[in-house]
Amino acid sequence: MALPFASGSKGKSHIADVGWEWGLYTIPLLHLALIMNTISKSNKNFLRKIINISGKAINTHKMVEADDKILIAVSGGKDSLALIDILAERRKFLPIHYELHAIHIITDDVPYEIDKAYLTAFCEERDVTLHLITTHAGIEEKSNKKPCFTCSWNRRKELFDFALKNGFKKIALGHHLDDAIETLMMNMVMHANISSIPPTLQMFNGKLLLIRPLIYATNAEMTQYAEIKQFTSLKKECPYEDHTSRNTARQWINQFEKLNPQARSNLFKSMSNIDQEYLPNEK
Ligand SMILES: Nc1ncnc2c1ncn2[C@@H]1O[C@H](COP(=O)(O)OP(=O)(O)OP(=O)(O)O)[C@@H](O)[C@H]1O
């Protein structure tokens with residue numbers, strides 16, 4: 001389930017890592033070749049492609065700058081594990097330094113837990129400081145609300161509180177392109193509203209910036225990335241989670257793709273190509 005953040009203002013201008021990396025490509029490529037000597041050439045090319053796709057999102061939207069302290073929100077699913085991996089991988093070849101922390105929020109009234117030992121080792125290997133935070137969402141107490149809503153609302157509150165209390169100005173989320181276009185379709189159909197999850201979003205009067213470095217990568221690409229890197233997905237199906245409308249949106253998109261193989265990327269690009277004149281504009 002994608003977090004239902006509303007669309008809004010984009011991040012303000014930063015001194016990003018744009019441009020630095022191009023001149024230094026020989027070093028990262030050699031480095032990647034060394035650490036990935038058990039992976040086939042085509043898979044290595046694929047991993048590099050995904051790192052570049054993330055780099056494009058990071059640079060285009062000025063997500064990362066020197067001396068940043070970034071908090072990566074980790075569910076334990078393939079996307080947030082890949083997000084840790086990609087941000088740590090890029091840090092090895094960029095001439096700027098940034099601190100990486102990961103946070104996993106455990107909700108004690110939801111009946112599942114991830115493998116903490118795996119996540120701890122995963123973060124340690126990548127020089128990422130892990131914070132495990134336990135919270136109580138109050139699902140039973142707030143029985144008039146849907147459990148999924150209560151849980152994700154509480155998780156977001158914990159996430160933002162932790163970031164603000166501990167001096168983080170940026171939170172990285174593992175949403176990808178499919179999350180964005182599914183959210184677009186769901187918001188249109190369910191809420192009569194054209195909005196989605198933007199690459200960056202300022203919150204609390206600019207005190208926090210949400211960043212989504214995987215926003216240009218598809219779900220299929222992230223699945224392949226996690227498979228090649230042999231990540232163990234720690235995320236189990238939550239008994240409260242209702243995927244009905246998201247699954248329906250996903251099925252439509254699959255159908256659209258049969259009509260036009262570019263459907264996925266066209267839906268994403270359409271959000272930046274709005275013809276106001278050809279819209280009703282009725283209030
Ligand atoms: N328990 C959690 N603790 C911290 N961050 C979380 C948690 N659950 C979700 N997130 C953040 O919210 C994003 C979207 O959540 P969602 O549940 O849709 O993820 P997912 O697609 O199922 O799993 P993942 O994105 O990790 O593969 C995640 O990518 C992660 O950044």
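Indexing begins at 1, ligand by ligand and atom by atom, following the structure's order. For reference, positions follow the sequence shown, starting with 1.
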* To do: Using a strict cut-off of less than 4.0 Å between a Lys/Arg side-chain nitrogen and an Asp/Glu carboxylate oxygen, indicate whether R250 and D178 qualify as a salt bridge.
  => no

* Asked: Looking only at distance, does L81 have an N or O less than 3.5 Å from an N or O of ligand 1?
  -> no

* Donor-acceptor contact below 3.5 Å, side chain D275 vs main chain E277 -> no

* Does L173, backbone or side chain, put an N or O under 3.5 Å from an N or O of ligand 1? -> no

* **Residue part near ligand 1, for I103, under 4.0 Å between non-hydrogen atoms** => backbone

* Asked: Considering distance alone, does some N or O of I105 sit under 3.5 Å from an N or O of ligand 1?
  -> yes

* For K78, the ligand 1 atoms whose distance to one of its heavy atoms is below 4.0 Å -> 27 (O)

* Structure fact -> For D79, the atoms of ligand 1 under 4.0 Å from one of its heavy atoms are 21 (O), 24 (P), 25 (O), 27 (O)

* Is there a donor-acceptor contact under 3.5 Å linking the side chains of H104 and E113? -> no

* Asked: Is it true that E89 and R48 have a side-chain N and a carboxylate O under 4.0 angstrom from each other?
  -> no

* Which segment of L83 sits under 4.0 Å of ligand 1 when only heavy atoms are counted -> neither

* Between F122 and F231, is the ring centre distance below 6.0 Å? -> yes

* In plain terms, say whether D68 and K169 are close enough for a salt bridge, that is, a side-chain N and a carboxylate O under 4.0 Å apart. => no

* Under 4.0 Å from ligand 1, counting heavy atoms only, is it the side chain of K235, its backbone, both or neither? -> side chain

* To do: With sequence neighbours left out, write down each residue that passes salt bridge (Lys or Arg N to Asp or Glu O under 4.0 Å) with K207, or none if nothing qualifies.
  => none

* G174 N/O to ligand 1 N/O under 3.5 Å -> yes

